[in-house]
Protein chains: 2
Amino acid sequence: MEWKLDKDRPICPQLMELIVTGIAGGEYAAGEKLLSVREVALQAGVNPNTVQKAFSEMERDGMIFSRAGSGWFVAEDTGKAVERVETLARTRTEEYVSGMRALRKEDADILRMVEEVCHE
Amino acid sequence: MEWKLDKDRPICPQLMELIVTGIAGGEYAAGEKLLSVREVALQAGVNPNTVQKAFSEMERDGMIFSRAGSGWFVAEDTGKAVERVETLARTRTEEYVSGMRALRKEDADILRMVEEVCHE
DNA sequence: ATTACTGTAATAGTACAATAATACAGTTAG
DNA sequence: CTAACTGTATTATTGTACTATTACAGTAAT
């Protein structure tokens with residue numbers, strides 16, 4: 001895992017996104033053990049509390065679970081993670097389009113710009 | 001002006017974007033007087049200090065200017081505003097695409113999703 | 001059992017954006 | 001001139017995200 005974080009945005013949701021994408025993408029298998037809170041904090045260069053918070057929120061959503069003293073593990077059902085990634089993609093696209101429209105961009109211009117950026 | 005603000009994001013840049021888009025879109029003509037700091041704060045439901053900060057930052061970029069005691073006015077050259085809107089659109093598109101790629105989306109999927117959201 | 005890991009919790013401190021409340025000075029219309 | 005508007009500046013307070021540090025208890029390997 002790369003832990004490529006943007007320092008200018010909240011770290012907690014970024015961590016969550018990296019992990020959920022890893023699960024949905026199959027890099028983390030169901031039931032697999034994750035890195036420890038302290039290890040992630042070390043590798044990502046952030047505070048353990050922030051990692052703990054990210055893990056706890058993902059646990060609340062049923063995507064991972066913890067065994068106290070033992071570690072964090074990927075949930076048996078990875079469906080939640082796949083679903084979450086899809087929702088994220090959809091939400092982000094909607095926000096992007098509405099943001100571009102606020103800039104007075106026509107749909108055709110939006111599509112053209114996305115295409116252009118993709119092909120670079 | 002609508003002052004449609006998202007309370008979950010920093011207000012200052014949102015105000016700047018609304019104004020710069022208004023200038024670039026021609027709703028505010030070159031040299032035209034803008035609403036006062038206090039009036040914008042009232043209409044938008046935010047603190048005057050935040051409006052003052054937004055105006056000052058736009059002044060630093062040469063898009064508007066102030067005459068102390070008189071008010072704020074659109075700069076004679078609106079090119080800066082047009083340019084800024086283009087940069088915003090471009091940057092936002094790049095961030096969107098790279099964000100979607102982080103979710104393991106192929107270019108074709110990205111384009112398909114944008115198209116779908118546009119046609120709704 | 002000891003050791004070294006794990007999760008978990010609590011507290012304090014930092015940084016930032018925004019708010020709140022004033023105050024002061026320049027401009028302009030009456 | 002005066003009154004009512006302007007921009008501008010200052011100080012204090014709130015809320016939030018993150019950091020820093022420490023502590024405690026569960027787990028597992030030796």
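Just so it is clear: chains get the letters A, B, ... in the order the sequence lines come, proteins before strands, and each one is counted from 1.
- As a whole-Å value, the separation of A:E57 CD from D:dT16 C1' is 13 Å.
- Proximity of A:S66 to the phosphate of C:dG7: no side-chain N or O atom is located under 4.0 Å from OP1 or OP2.
- Residue B:W72 places no side-chain N or O under 4.0 Å from the OP1 or OP2 atom of D:dT6.
- Protein atom CG of A:L34 is 16 Å distant from nucleotide atom C1' of C:dC5, rounded to whole Å.
- Side-chain contact between A:E95 and A:T91: present, with at least one pair of heavy atoms (C-beta onward) separated by less than 4.5 Å.
- In this structure, A:Q52 places its CD atom 13 Å from P of C:dT6, rounding to the nearest Å.
- Per the geometry, NZ belonging to B:K33 stands 12 Å off P belonging to D:dC5, to the nearest Å.
- The pair A:E94-A:R90 counts as a salt bridge, with a side-chain nitrogen and a carboxylate oxygen less than 4.0 angstrom apart.
- You'll find the side chain of B:M1 reaches within 4.5 Å of the side chain of B:L18, heavy atoms only.
- B:L5 and B:M16 end up in the same hydrophobic cluster when Ile, Leu, Val, Met, Phe, Trp and Tyr side chains are linked at under 4.5 Å.
- No side-chain heavy atom of B:L15 sits less than 4.5 Å from a side-chain heavy atom of B:M58.
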Tell me, for nucleotides 23-30 of chain C in 5' to 3' order, what letter each nucleotide earns: B for a base near a protein heavy atom under 4.0 Å, S for only sugar-phosphate near one, - for neither? B--BS---
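- Distance, A:L5 CG to D:dA17 P: 16 Å, rounded to whole Å.
- The existence of a salt bridge linking B:R92 and B:E17 is confirmed by a sub-4.0 Å separation between a basic side-chain nitrogen and an acidic carboxylate oxygen.
- Rounded to a whole Å, the CG atom of A:D6 is 16 Å from the P atom of D:dA17.
- Among C:dG7, C:dT19, D:dT19, the nucleotide with an atom closest to any side-chain atom of A:V37 is C:dG7.
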N/O donor to acceptor pairs below 3.5 angstrom from side-chain atoms of residues 63-83 of chain A, sequence neighbours left out:
{"unit_1": "A:S66", "atom_1": "OG", "unit_2": "A:E59", "atom_2": "OE2", "d": "3.4"}
{"unit_1": "A:D77", "atom_1": "OD1", "unit_2": "A:G79", "atom_2": "N", "d": "2.8"}

How does protein reach along nucleotides 10-16 of chain C, written 5' to 3' as B (base within reach of a heavy atom under 4.0 Å), S (only sugar-phosphate), or - (no contact)? B------
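- Shortest non-hydrogen contact noted between B:C118 and A:R101 is O-NH2, 2.9 Å.
- Remark: P of D:dG15 and NZ of B:K7 are 11 Å apart, rounded to the nearest angstrom.
- Listed here is the closest heavy atom pair of A:R104 and B:G22: NH2-CA, 4.2 Å.
- Rounded to whole Å, the distance from CZ on A:F65 to P on D:dT27 is 14 Å.
- In this model, the phosphate group of D:dA17 is not approached by any side-chain N or O of A:T50 to a distance below 4.0 Å at OP1 or OP2.
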